[in-house]
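Proteins come first, then strands; the chains are lettered A, B, ... in the order of their sequence lines, and each starts at number 1.
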Amino acid sequence: MTTLEIDRIRCDGHGLCAELLPEMIELDDWGYPILKGRAVSPSVIPHARRAVDACPVLALRLRQHAHV
Amino acid sequence: MSGLPEMIATAGRPVIFDGPPTVETLAMHRERLGTLPPPASRSDLIGILERSGLQGRGGAGFPVGRKWRSVAERAGGHAVLLVNGAEGEPLSVKDRSLMATRPHLVVDGALLAAEAVGADEVIFYVGAEHRAAQAAINRALVERKADFGRRRLRLLDAPTAYVAGEESAAVNFVQSGVARPTTTPPRPFERGVRGRPTLVQNVESLAMAALISQYGDQWFRGLGRGSARGIGLLTVSGAVLRPGLQEIELGSTVGEVIEAAGSSRHGLQAVLLGGYFGAFAPAAEAWDLELDQASMRARGYALGCGVVSLLSEAECGVTTTSRIMAYMASQSARQCGPCVFGLAAISAATSRLSARRAQANDLERAERWSAQLTGRGACRHPDGAVGLLRSALRVFDEEFAAHQQGHCLRQQARRAA
């Protein structure tokens with residue numbers, strides 16, 4: 001299983017992730033991401049990877065889990 | 001702290017607060033509880049703690065034996081023990097009172113923990129504002145330095161801040177002097193002070209561990225009402241005649257605790273359980289609630305750090321909630337956006353509601369934000385604050401609705417009387 005994780009201390013609310021990955025992320029009233037769920041479905045992984053790469057403060061990452 | 005809080009014991013014969021509520025010397029402590037059993041008989045203290053059912057008393061309620069085992073398995077004799085006496089919760093005095101009056105029991109617990117998990121460094125982390133506790137622990141440590149053998153021993157001032165006692169913040173403070181939470185995982189038991197497995201344990205939990213080591217897990221399980229196990233310390237405050245510390249058998253009801261504090265059901269509106277990380281309950285609904293982690297969780301509450309605070313019929317729940325939200329917003333470590341901006345916005349909205357100067361959608365926004373902040377900080381500070389807010393919006397729903405319209409039901413009741 002792959003999950004999406006946000007380092008809340010690093011995150012500065014740039015908001016690129018929500019633009020690139022609206023399937024999983026929306027922004028709150030101050031521009032900080034709200035995850036709709038943590039598990040990333042296989043079809044969304046390429047989009048998730050783009051969002052991870054685009055984060056200017058490296059606050060977003062994908063994590064592989066050996067077991068479900 | 002000048003003058004210790006009044007101590008009331010309701011556990012039949014009290015264990016911790018048997019004897020005078022003054023600083024217990026080593027001689028008094030030894031006479032009252034006996035000396036610690038020799039090391040051989042404590043070889044399986046972790047197993048004994050696991051069987052005792054003892055849960056942490058700092059707030060999270062994590063099983064103590066399991067926590068010690070996790071550290072011991074990783075440590076290889078080089079763990080760090082961080083004795084947590086920060087007690088930043090404004091409504092709690094039980095930790096500072098315990099340290100101030102029974103310092104040697106806490107030190108016993110620390111020695112046993114250090115030995116059981118294999119710690120070669122022991123750090124006492126005590127709230128800087130808890131002067132009597134600091135003095136008593138300092139004296140006890142000077143007296144018992146030899147007991148710690150070659151272990152490095154330190155007493156540090158925990159900054160006066162709500163989050164200073166959070167595990168990762170405590171570890172961060174020891175390393176960098178900044179008591180701010182860090183991103184987890186890794187949690188301190190995996191990688192804490194200088195990368196070493198670190199046991200961060202609340203002082204009451206350590207005191208209980210010392211008692212269990214002395215009297216056994218069966219003794220501890222034999223205490224407690226119904227399905228609850230053991231004893232615990234509470235801080236009772238607010239609309240009662242005799243606020244202060246209570247030692248209870250876990251499973252005692254909220255009503256019994258209120259009666260022991262000299263008050264009755266009459267005139268009570270609500271109870272705040274578990275402190276500022278906890279929840280309000282209507283007094284009538286809470287009266288028969290058993291003060292025990294499992295039974296409280298089953299009903300959507302938490303024992304937390306043992307705070308029971310009463311709100312009278314005359315007090316306005318909106319104003320009380322607004323004050324707590326202002327405090328929680330001020331105590332954000334200011335690292336995570338949702339906590340910094342979310343709590344500030346919630347505090348501004350509840351403050352306008354309290355003052356009956358609400359903007360058109362303040363109540364609706366407070367409700368929405370209260371559902372959005374959980375799990376969105378490095379630590380659980382925002383989770384705790386919005387958990388309390390959600391309970392307040394439920395328990396004081398009519399009051400909040402009236403304040404949104406510019407009225408206060410409590411004030412109207414007072415005028416009518």
Main-chain N/O of A:P33 paired with B:R376 side-chain donor or acceptor, under 3.5 Å: yes

Above 12 or not: heavy atoms from other molecules or residues under 6.0 Å from [atom1] of [X]?
X: B:R194; atom1: CZ; value: yes
X: B:R390; atom1: CZ; value: yes
X: B:R357; atom1: CZ; value: no

Heavy atom to heavy atom, less than 4.5 Å: which residues from residues 340-351 of chain B reach chain A?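 Listed by number, the contacting residues are B:F341, B:G342, B:A345.
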
Sorted by number, residues from residues 361-370 of chain B in contact with chain A (heavy atoms, under 4.5 Å):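 Hits under 4.5 Å: B:R368, B:W369.
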
Identify all side-chain donor-acceptor contacts of residues 332-339 of chain B below 3.5 Å with residues at least two apart in sequence or on another chain.
residue: B:S332; atom: OG; partner: B:R334; partner atom: N; Å: 3.0
residue: B:Q335; atom: NE2; partner: B:P181; partner atom: O; Å: 2.8

Roughly how far apart are A:W30 CH2 and B:Q372 CD, rounded to 0.5 Å?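 The CH2 atom of A:W30 sits 6.5 Å away from the CD atom of B:Q372.
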
Checking heavy-atom separations under 4.5 Å from chain B, one finds in residues 7-14 of chain A A:D7, A:R8, A:I9

